[in-house]
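See structure below.
Everything numeric in this text was worked out from a predicted model, so none of it was measured. We number each residue from 1, following the sequence as shown.
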Amino acid sequence: KKHQAELEHIAHFDALTALPNRLLLDDRLEQALTQATRRGNTVAIAYLDLDGFKTVNDRHGHAVGDTLLVALATRMHEVLRHGDTLARIGGDEFVAVLIDLEDAAAAEPLLQRMLRVAGEEFPLAGQCLQVSASIGVTYFPQGRALSLDQLLRQADQAMYEAKLLGKNRYHLFDAAQDRAVRGRHESLERIRKAL
């Protein structure tokens, strides 16, 4: 039974940070969406990527980078509420699932806290290391049915916008803009086929 429990832990949690991994994230996100539908409230999905983490790894080595990831994961987890999920999905990328929100604006203080703790200095390897975070955010429900992968892609796309806008910020996914861009690409494709 102990070995089975260890295997279950390995299957569902990140080995470095002990945060939920992608498999457990999908399960928690599915539960959050079901609960939001039942209760009529909002869920925010925040995709977070660290700015400047590669530089830390290159300058100080992977051991220091790993220590920084663990410290950062702990700090970010501490600023979230009970019931929210923070998962590490690889490298320096994390996803937070913020549940039981009255509306989209209710996520803003949590996003600001995550940005603040990600940008704090970390005393490591005899010096103070500092990174920042770019966060992309999308919300559920939306006007149409979306899969977990589509929601994560929206948040990921918004995170890249945050990076393009100067990093160390969060950016909200704009569904109307996305529809317009998709419509434009589809129109161009139809014109290409017609020609």
If hydrophobic clusters are built from ILVMFWY residues whose side chains come within less than 4.5 Å, do Leu86 and Leu16 share one? yes
Within-4.5 Å side-chain heavy-atom neighbours: Tyr170 and Leu115: yes
Please walk me through it: do Tyr47 and Ile135 pass side chain to side chain contact (heavy atoms under 4.5 Å, CB included)? CA-CA 5 Å; Tyr47 198 112; Ile135 303 175; over 6 Å; no
Apply side-chain hydrogen bond (donor to acceptor under 3.5 Å, both in side chains) to residues Asp100 and Asn41 and explain how you reach the verdict. CA-CA 6 Å; Asp100 290 333; Asn41 56 24; 3.1 Å; yes
Any Val43 side-chain heavy atom under 4.5 Å of Val97 side chain: yes
Quick check on side chain to side chain contact (heavy atoms under 4.5 Å, CB included): which of Ile89, Leu146, Asp26, Thr138 does Leu152 satisfy it with? Asp26
Does His77, at its NE2 atom, have more than 12 non-hydrogen atoms belonging to other residues, nucleotides or ligands within less than 6.0 Å? no
What distance do Glu161 atom CD and Met159 atom CE have between them, rounded to the nearest 0.5 Å? 11.0 Å
Evaluate the side chain to side chain contact (heavy atoms under 4.5 Å, CB included) criterion for residues Leu151 and Tyr139: first the C-alpha distance (whole Å), next the side-chain angles of each, then the deciding distance (0.1 Å), finally the verdict. CA-CA 8 Å; Leu151 288 167; Tyr139 294 97; over 6 Å; no
Do the side chains of Val137 and Leu80 join up, straight or via other hydrophobic residues, at under 4.5 Å, putting them in one cluster? yes
Salt-bridge contact Asp149-Arg153 (side-chain N to carboxylate O under 4.0 Å): no
Does the Glu108 side chain pair with the main chain of Ala105, one donor and one acceptor, at a distance under 3.5 Å? no
Full working for side chain to side chain contact (heavy atoms under 4.5 Å, CB included) between Leu50 and Leu72: CA-CA 10 Å; Leu50 298 180; Leu72 184 72; 3.1 Å; yes
Is any side-chain heavy atom of Leu69 closer than 4.5 Å to one of Phe53? yes
So, does Arg169 use its side chain to make a donor-acceptor pair with the main chain of Lys167 at under 3.5 Å? yes
Donor-acceptor under 3.5 Å (Gln130 side chain, Phe122 main chain): no
Any heavy-atom pair between the side chains of Lys163 and His171 that's under 4.5 Å? no
Would you call Glu78 and Arg75 a salt bridge, taking side-chain N to carboxylate O under 4.0 Å as the test? no
Contact check, side chains of Asn21 and Leu25, non-hydrogen atoms, under 4.5 Å: no
Does some side-chain heavy atom of Leu24 sit less than 4.5 Å from a side-chain heavy atom of Phe13? yes
Applying side chain to side chain contact (heavy atoms under 4.5 Å, CB included), run through Leu48 and Met76 and close with a yes or a no. CA-CA 11 Å; Leu48 182 146; Met76 284 195 300; 3.6 Å; yes
Work out which heavy atom in Ala73 is nearest to a heavy atom in Leu19; give both atom names and the distance. CB-CD1, 3.6 Å
Do the side chains of Arg81 and Asp84 get close enough for a salt bridge, i.e. N-O under 4.0 angstrom? yes
From Glu30 atom CD to Gln35 atom CD, the distance as rounded to the nearest 0.5 Å: 12.5 Å
Do Arg192 and Glu189 come close enough that some side-chain heavy atom pair is under 4.5 Å? yes
I'd like to know if Arg88 pairs up with Asp14 as an ion pair, taking the criterion as any Lys NZ or Arg NE/NH1/NH2 lying under 4.0 Å from an Asp or Glu carboxylate oxygen. yes
Can you measure from CD (Glu93) to CG (Asp156) and round to the nearest 0.5 angstrom? 6.5 Å
Any sub-3.5 Å donor-acceptor pair from Asp103's side-chain atoms to Ala106's backbone N or O? yes
Find out whether Leu33 and Leu148 are in side-chain contact, i.e. whether some heavy atom of one side chain is under 4.5 Å from a heavy atom of the other. yes
Do Leu98 and Val95 sit in one hydrophobic cluster, given that two such residues count as connected whenever their side-chain heavy atoms are within less than 4.5 Å of each other, even indirectly? no
Can you name the closest pair of heavy atoms from Ala107 and Leu101 and give their distance? CB-CD1, 3.8 Å
Keeping the roles fixed (side chain from Arg113, backbone from Val79), state whether a donor-acceptor pair exists under 3.5 Å. yes
Would Leu29 and Phe173 show up in the same hydrophobic cluster when neighbours are defined by side-chain heavy atoms closer than 4.5 Å? no
Among side-chain atoms of Ser134 and Asp51, is any donor-acceptor pair under 3.5 angstrom? yes
Same apolar cluster: Met114 and Leu129, side chain cutoff 4.5 Å: yes
